[in-house]
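Residue numbering restarts at 1 for every chain, and letters A, B, ... go by the order of the sequence lines.
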There are 4 protein chains.
Amino acid sequence: MTSTRRAFRDRVSGAHNAMPAHTTPAHTTPARIMAAHNPLSARLVEEAGFDGAWASGFEISAALGLPDISLVSMAEHLEVVRAMAARTRLPVVADIDTGFGNALNVLHAVRSYEAAGAAAVVIEDKVFPKVTSLVEGGRQDLLRIAEFQGKIEAARHARNDPDFLIIARTEALIAGAGPGAALERGRAYAAAGADLLLVHSKSTTPDEIEGFIAAWDGGIPIVIVPTAYPQMTMARAAASGRVGLVIYGNHAIRAAVAAMQQSFARIMADGDTLGVEGGIAPVGEIFRLQGMDQVARDEAAFLR
Amino acid sequence: MTSTRRAFRDRVSGAHNAMPAHTTPAHTTPARIMAAHNPLSARLVEEAGFDGAWASGFEISAALGLPDISLVSMAEHLEVVRAMAARTRLPVVADIDTGFGNALNVLHAVRSYEAAGAAAVVIEDKVFPKVTSLVEGGRQDLLRIAEFQGKIEAARHARNDPDFLIIARTEALIAGAGPGAALERGRAYAAAGADLLLVHSKSTTPDEIEGFIAAWDGGIPIVIVPTAYPQMTMARAAASGRVGLVIYGNHAIRAAVAAMQQSFARIMADGDTLGVEGGIAPVGEIFRLQGMDQVARDEAAFLR
Amino acid sequence: MTSTRRAFRDRVSGAHNAMPAHTTPAHTTPARIMAAHNPLSARLVEEAGFDGAWASGFEISAALGLPDISLVSMAEHLEVVRAMAARTRLPVVADIDTGFGNALNVLHAVRSYEAAGAAAVVIEDKVFPKVTSLVEGGRQDLLRIAEFQGKIEAARHARNDPDFLIIARTEALIAGAGPGAALERGRAYAAAGADLLLVHSKSTTPDEIEGFIAAWDGGIPIVIVPTAYPQMTMARAAASGRVGLVIYGNHAIRAAVAAMQQSFARIMADGDTLGVEGGIAPVGEIFRLQGMDQVARDEAAFLR
Amino acid sequence: MTSTRRAFRDRVSGAHNAMPAHTTPAHTTPARIMAAHNPLSARLVEEAGFDGAWASGFEISAALGLPDISLVSMAEHLEVVRAMAARTRLPVVADIDTGFGNALNVLHAVRSYEAAGAAAVVIEDKVFPKVTSLVEGGRQDLLRIAEFQGKIEAARHARNDPDFLIIARTEALIAGAGPGAALERGRAYAAAGADLLLVHSKSTTPDEIEGFIAAWDGGIPIVIVPTAYPQMTMARAAASGRVGLVIYGNHAIRAAVAAMQQSFARIMADGDTLGVEGGIAPVGEIFRLQGMDQVARDEAAFLR
């Protein structure tokens, strides 16, 4: 776990570090992590070659059939993170919203997520309970800067492994506070000890984020979540030299939902499954993902 | 819940009842239920128009990244069933494998699943711990008939709601015991009080199952899981007059897996999400499934 | 469950109703419920003859080795309540603190606790996250009245069973807001639809509470928690005619702790358990509480 | 965690090692661990000075109000172990009964318990599902020796930390198989790689166990659980030179039950709590155990 975390820290810091012009670093592009909502989707994220799994609050709420408004309790989210960490080799970045309360909840949360095997947590500067930042007209009250700095300091204090990353997320742009406020908050969070700064935007083009990145002088790498502005390609993100991590925030559940909807509709219409068999994973592929080959070896080795 | 269970009992018994030739019954075809592995997929099953959700042990194990060999404990499976029942209006049929042990475990399980809001349980006549019946060369030890009858009687004794269905599943065909043994077991399970009989087959054509159905004289409706023999259309199943329920056992997770694999590969290759946006569900569709419109109404009504 | 809730509602309302002078009502005294922190202690509460079990946030936090500052998540507390309700015949009154967030969290909580088999919830008018009200110098920010009324209305809206009780708890006296503020809040909560009003006090004599009760004109029964003022006997509580329920808030865990400390110390000192055997429950008593006699009957009936 | 496990391994091996006659080793007596059923009782075990906490299946079942017959699922027991390990500094020895199934379940269990922070597991050679070994007439079917050796080998294979102890427990004496069979099994389990051997006896005097110990030639330390024969003092256990660990298997729950019964009865009889206040722990003592002083420091440090 420690070595996974160390490698992940190095990876997300890589793009940010100043690089001498003549070198060809192993990683000139940001790390990329993909949303997952259960251990199976995390395993698919691993197989696809992403650098980590995003234990997305949005996806995990959705998988539970619940809106993403702080109804899923820490115990439930933590259990998903623990299972993901146990069943993949990927670093798991845990989306813990506001930290489930105040700075004391953050102390408890960071200890719990680190023990569960996560590699990082993302804590955001909204007031608990939150609503999802993408909903039209959602309330977006921001925490006072000093209070959020206390949460970051609590998170740093609580971690045992110095490679466990504390990622501060500002919703200042989402809340309409403007780029100046976002920069002020970002600097304050970096000063409080955040390892990376996630700046969230619901602008439908990359301009807002690119403006922020260009102005960024806080000295820690930037994390972006280009859900609303998918034109933000890796090349564009890499060009800034300051983006350490790109999070694809909800594409796993969105892919799964569309596919289930289509398959279910077809089966209902046809009265059989023949029409979908070619388009869905064979049963054997699920067996492979479950490790049934290892089961056979274990049975041979240990069942008497 | 009671009314949901009552309606489901009536539904799965309907196709089996002798119908006067001149009537046009509302349901001349078996009920159909689709596998789900979390509340969201259960909600999609509901929206697609299926008669119920199959809380599949196979899918739930797979979602947890585990092989389906009795590693997922009752507490974990039960929690998924409870969440499905809370977030859909569908009857949820719980796949409880062998009942997590002996007849005393069955007493505990049936009480727990009924309290969790399930409409039915399926208990199978294999020895605990089991391996999935579809794996090549999997061990398929069958329980003694009398012992399994004790489990059925325990299940009946434990239920409070007489409409909570006890579905006995025989693996006799899978285990290679032959159609005679399957019939003997089916009759014995019906005699012990099972409400329906699930006969599992891994034959790749419907012949084996159709032979069984033709010979069936046990007086309770049959349940089939035509995963291995998808040529078994609803028309064919209905024609027998004895199939009360068809279970599509694993198509939700198979659809989800294929879609995630394809989307993830494309995003990795492209370096952005533009190429997948058109083929996956929009974010707004996930919001709809989470009930964000109701959240807005609740906020207006109760937040001051 | 419905009949348990109905009887409990009747019971806690009984002492409050005006009684004709010549009648001798079955219950002239308030109902009494005792704290429990797990199903076993709830079973002991039942055997002792209390009217219900108090699923105390304080005791459950303590049992988990955590301070009572909103670290135990709803999922964890709910699981304890569910298990208590499953393994006793008692009404279980769930201490849900502030409702785990705002009014939308309350909607989710009430649905969840009712489904888990609770008979009532107590929601308090403090800001989330809270600290325990008995700690010296604890922060005691009160919610705005209108906001808390929204939570009460949400709770009423969310319940299915009209006999599921919504108990509003005011911390106005604890927060030092004075008796006038407590009365104002109590009336506002009754007007919003609370079924009972819990008034908390950390005064070390009953005077403050008795003053409140004497002035109470809100029309719903009062609930008291005489931890700090144990001189408040049942006779005294009954004399007011307005107390429907007395909660003994933490005596189960306090009794258990002292006994374990003493037994452990003795065993360590003696180097054997002979010295404690006479003072602790025999193993057979634990078997009895676990229902081992029923296990024997079940094995005889269902194991073949 | 690794250092806790290392120290515990050294401790339980110490009494067993041959000691030169002229030395005065730090530990000439076996390690002692006390049963716990939740993190609070584990903390009391720590404060009392025991060498570890015994995450007793019997106590944890009882706390859940359930008989100890394999109804508590691995997920539930594991969660208690994880919480104990998180909230004490003690090594936690997990009582995992038969390993929740066969050797493949053991692989999963050992990985899960090690990740949860346990220091050791005890696996017993009975058939799943089990009944508690102390019940009169309980069924005591023993697993075939070779099959149980496979489970031990699976456990060793699954652990990451070589200091995570695999303790094999034989029920041969309980099952009436006689001392010869017990010795044969013990030797076979040591040969398969068990780190210690727990020999269980329900004899009401230490003779049976002392006979076994005297005859023991399997080369690994012995673990005893002197519930039925409390005359087995530490001095007597130490005298054998072969007992590495003594488990006090159920005294925490027995102490807690008696104290709650007495306090509840008194409160019911008195109509107030005055009579019990002197005999139970003060509220402040519970605060201390919860770490409320640390909460105050954390609030001062991190709340802004």
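In this structure, chain B has a heavy atom under 4.5 Å from the backbone of A:A35, while its side chain stays farther away. Interface remark: A:Y248 contributes side-chain atoms only to the contact with chain B (heavy atom separation under 4.5 Å). Of the atoms belonging to A:R266, not a single heavy atom falls under 4.5 Å from chain B. If you measure heavy-atom distances from A:S263 to chain B, the contacts under 4.5 Å come from the side chain alone. The parts of A:V45 that come within reach of chain B are both its backbone and its side chain, each placing non-hydrogen atoms under 4.5 angstrom from that chain. Heavy-atom distances place both the backbone and the side chain of A:R254 under 4.5 Å from chain B.
When each of B:V246, B:T88, B:I253 is scored by its heavy-atom pairs under 4.5 Å with chain A, the top score falls to B:I253. Most heavy-atom pairs under 4.5 Å with chain A: of the set B:D272, B:T233, B:I286, this distinction falls to B:I286. Interface remark: of the candidates B:M260, B:E59, B:Q294, B:M234, B:M260 forms the most heavy-atom pairs closer than 4.5 Å to chain A. The greatest number of non-hydrogen atom pairs below 4.5 Å with chain B, out of A:A63, A:G65, A:G271, is found for A:A63. Counting heavy-atom pairs under 4.5 Å between each of B:R43, B:H251, B:M84, B:Q262 and chain A puts B:H251 at the top. Of the listed residues (A:A281, A:G49, A:A258), the one with the most heavy-atom contacts under 4.5 Å to chain B is A:A281. Of the residues considered (B:D270, B:V80, B:L44), B:L44 shows the highest number of contacts with chain A, using heavy-atom pairs under 4.5 Å. Contacts with chain A were tallied for B:A83, B:A252, B:A259; B:A252 has the most, counting heavy-atom pairs under 4.5 Å. In terms of heavy-atom pairs under 4.5 Å with chain B, the best-connected choice from A:P282, A:A255, A:G279, A:A296 is A:A255.
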*Give the intermediate values and the outcome of side-chain contact (heavy atoms from CB on, under 4.5 Å) for residues A:Q290 and B:F58.*
CA-CA 10 Å; A:Q290 291 175 296; B:F58 174 72; 3.3 Å; yes
*Residues B:M268, A:M34; criterion side-chain contact (heavy atoms from CB on, under 4.5 Å); working and verdict*: CA-CA 10 Å; B:M268 281 300 287; A:M34 172 56 75; over 6 Å; no
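Across B:A62 and A:L40, no two heavy atoms sit closer than the pair O-CB, 3.2 Å. Scanning both residues, B:S41 and A:F264, for their nearest heavy atoms gives O-CE1, 4.0 Å. Across all their heavy atoms, B:P230 and A:T273 have their closest contact at CB-OG1, 3.2 Å. Heavy atoms only, all atoms of each residue included: A:I267 and B:R32 are closest at O-NH1, 3.6 Å. Nearest heavy-atom pair, B:M292 versus A:I69, reported as atom, atom and distance to 0.1 Å: CE-CG2, 4.4 Å.
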